[in-house]
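To keep things clear, I will list the structure first and then write my remarks on it.
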Number of protein chains: 2
Amino acid sequence: MSTRLEPTKNRARAAPTRAQDPEGTRQNIIEVAAQEFALNGLSGARIDEIAAKTRSSKRMIYYYFGSKEGLYLSALENAYRQVREGEAQLDVAGLPPLDALKRLVEFTFDHHHQHEEFIRMVMIENIHHGEFLERSGVIRELNVTAIGNIEAIYAKGLADGVFRPGLDPLEIHWQISALCFFNVSNRATFSKIFGKDVGSPAAQASLRQQAVEMVLRFVTRPDQLP
Amino acid sequence: MSTRLEPTKNRARAAPTRAQDPEGTRQNIIEVAAQEFALNGLSGARIDEIAAKTRSSKRMIYYYFGSKEGLYLSALENAYRQVREGEAQLDVAGLPPLDALKRLVEFTFDHHHQHEEFIRMVMIENIHHGEFLERSGVIRELNVTAIGNIEAIYAKGLADGVFRPGLDPLEIHWQISALCFFNVSNRATFSKIFGKDVGSPAAQASLRQQAVEMVLRFVTRPDQLP
DNA sequence: AGGAGAGTACGAACTAGTTAGTACATTTGC
DNA sequence: GCAAATGTACTAACTAGTTCGTACTCTCCT
């Protein structure tokens with residue numbers, strides 16, 4: 001009837017057929033999808049394009065994720081998970097508060113810098129008013145613990161008398177995020193408007209150090225400043 | 001041959017035909033387009049949708065702007081122009097450096113807050129790696145003068161001995177932008193992750209004041225701090 | 001003064017190509 | 001043998017852009 005399947009048997013024996021690997025297929029699809037969504041946005045990304053770059057097929061995308069939006073949500077969740085896992089690597093427990101906060105800012109700065117794809121996913125999600133993030137129970141759980149670090153550092157800094165009272169750890173987190181996030185998210189327009197590549201290693205080193213300074217000066221008690 | 005044009009004459013006489021208004025039509029299209037692009041992104045916005053919300057028609061969009069991208073570019077340029085014109089309202093020439101910088105940060109914070117549509121356009125443009133901004137000669141001209149204010153303030157602050165030396169006005173602008181931009185751009189995800197509406201008046205007031213403090217503490221000579 | 005032309009402004013219907021999603025058949029691993 | 005996993009071919013709806021035709025406005029000629 002049809003000839004299109006004839007080579008199958010041969011292929012099956014010629015090379016050890018790629019075993020069925022649901023989890024691998026799923027993961028592969030998600031990774032490709034994340035790239036495409038991060039690059040083109042939700043509406044800009046093309047399912048056919050994603051499928052083509054996959055080791056799998058369009059059929060499988062719908063088999064596993066149901067719809068384009070389902071795929072986007074999974075990719076978003078995956079991105080958050082990866083990044084939070086990376087952040088969990090940071091350990092500042094033993095450090096004095098000032099050093100700990102410095103490390104935290106540096107780490108966040110570098111981490112955001114290294115995960116541009118994640119930053120772009122968050123930008124895109126904000127364009128969509130965070131509606132997919134809202135639908136996802138998973139993501140909120142991942143993030144609530146993210147301020148734990150700052151809370152601990154701030155508490156210790158207060159106790160030691162080096163930080164000033166009255167600050168909200170969530171707001172400190174907000175400010176660190178602002179400085180580190182903007183550095184990646186707005187690099188393109190900023191560089192092009194002012195004709196200076198703020199992504200260059202020299203510029204980044206300077207901005208990084210200044211981000212640290214800003215946060216430390218903000219949190220430190222004035223009489224503790226050098 | 002065709003019947004579809006029969007009603008034309010009647011229509012022409014029945015109601016006093018709306019006068020031709022090229023500039024008005026153009027402007028109306030751009031305003032609607034900006035809204036739609038800001039809401040849905042370049043690929044997410046629909047020409048038919050834009051046309052429908054216009055007082056004009058799809059035909060006119062292509063008549064005036066040539067293509068979807070042409071329309072997007074015009075909307076982007078318009079957004080930048082509007083915002084920069086608004087910023088030009090700020091006059092801090094007479095103020096002492098510290099007060100001037102404080103005003104500048106407050107003004108930027110408020111201005112970004114009030115121009116969410118513009119912020120979203122910039123976000124979208126960053127998703128596109130600033131390629132349209134690059135194509136536009138207009139926009140760069142508008143912006144290069146934007147740091148003029150900071151340069152003047154910083155120079156005066158140095159002369160008065162209240163600011164510390166060695167800072168780059170462009171980097172100060174970068175930091176102010178980061179704090180004020182992030183406040184609008186990432187409100188959705190931030191609020192949803194931490195279950196707190198950072199857009200509420202109370203939260204905004206606090207973040208605003210802290211943005212001012214951060215910048216002032218960063219720029220001020222330590223021995224000049226209260 | 002007024003009418004012919006020309007260029008500008010506008011509208012409705014159409015089209016070619018794209019795109020998310022599906023029906024159906026087949027294979028693989030247990 | 002059976003359920004989960006996968007491949008191929010298709011479609012219905014959408015979407016950027018176009019075609020063809022009309023109406024308005026200004027100018028310039030006489």
Side-chain angles (χ1 to χ4, degrees), chain A residues 1-30 32-33 36-37 40-75, chain B residues 1-30 32-33 36-37 40-75:
Chain A
M1 258 159 262
S2 93
T3 59
R4 66 172 191 265
L5 292 170
E6 280 172 13
T8 305
K9 270 178 210 151
N10 294 340
R11 190 163 42 72
R13 307 223 174 276
T17 314
R18 178 163 49 78
Q20 278 187 191
D21 178 13
E23 211 34 61
T25 303
R26 250 188 90 96
Q27 198 54 37
N28 175 235
I29 291 174
I30 284 194
V32 174
E36 289 296 304
F37 283 127
N40 306 305
L42 173 50
S43 46
R46 299 291 166 231
I47 290 285
D48 284 288
E49 189 73 16
I50 293 171
K53 293 186 178 171
T54 295
R55 266 184 259 111
S56 183
S57 68
K58 181 151 87 158
R59 177 71 184 73
M60 283 299 96
I61 291 175
Y62 285 94
Y63 184 67
Y64 284 122
F65 303 100
S67 68
K68 191 185 188 183
E69 295 196 348
L71 177 59
Y72 170 79
L73 181 56
S74 292
Chain B
M1 256 164 257
S2 94
T3 59
R4 65 171 191 266
L5 293 169
E6 278 171 15
T8 305
K9 268 179 210 152
N10 292 339
R11 192 168 37 75
R13 306 220 174 278
T17 315
R18 177 167 48 81
Q20 286 186 188
D21 179 15
E23 212 33 62
T25 303
R26 249 189 90 95
Q27 198 54 37
N28 174 236
I29 292 174
I30 283 194
V32 175
E36 288 296 303
F37 283 128
N40 305 305
L42 173 50
S43 46
R46 299 290 167 230
I47 291 286
D48 285 289
E49 188 74 15
I50 293 171
K53 293 186 177 170
T54 296
R55 266 182 259 111
S56 183
S57 68
K58 180 151 87 158
R59 175 72 184 76
M60 284 300 97
I61 291 175
Y62 285 93
Y63 183 69
Y64 284 122
F65 304 100
S67 66
K68 190 185 188 182
E69 295 196 348
L71 177 60
Y72 170 79
L73 182 57
S74 292

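Using modelled atom types, one side-chain atom of B:N40 and one backbone atom of B:E36 make a donor-acceptor pair closer than 3.5 Å.
Per the geometry, CZ belonging to B:R55 stands 11 Å off P belonging to C:dC10, to the nearest Å. Look at CE on A:M60: it is 11 Å from C1' on C:dT27, rounded to the nearest Å. With rounding to whole Å, B:Y63 atom OH is found 14 Å from D:dG21 atom C1'.
Of all heavy-atom pairs between A:A75 and A:I30, the closest is CA-CG2, 4.1 Å. Heavy-atom minimum distance, B:S74 versus B:F65: OG-CD2, 3.4 Å. Residues B:A51 and B:S57 come closest through the heavy atom pair CB-C, 4.0 Å. The two residues A:I50 and A:A45 have their closest heavy-atom pair at CD1-CB, 4.5 Å.
As judged by a 4.0 angstrom heavy-atom cut-off over every strand, A:F65 is placed among residues making no nucleic acid contact.
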Legend entry - Verdict with supporting geometry, A:K68 and A:F37, side-chain contact (heavy atoms from CB on, under 4.5 Å): CA-CA 10 Å; A:K68 191 185 188 183; A:F37 283 127; 4.2 Å; yes

Legend entry - Per-nucleotide protein contact string for nucleotides 15-22 of chain C (B base, S sugar-phosphate only, - none; heavy atom under 4.0 Å): ----SBBB

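Between B:S56 and C:dG11 there is a side-chain N or O to OP1 or OP2 distance below 4.0 Å. A close approach under 4.0 Å does occur between a side-chain nitrogen or oxygen of B:S57 and OP1 or OP2 of C:dG11.
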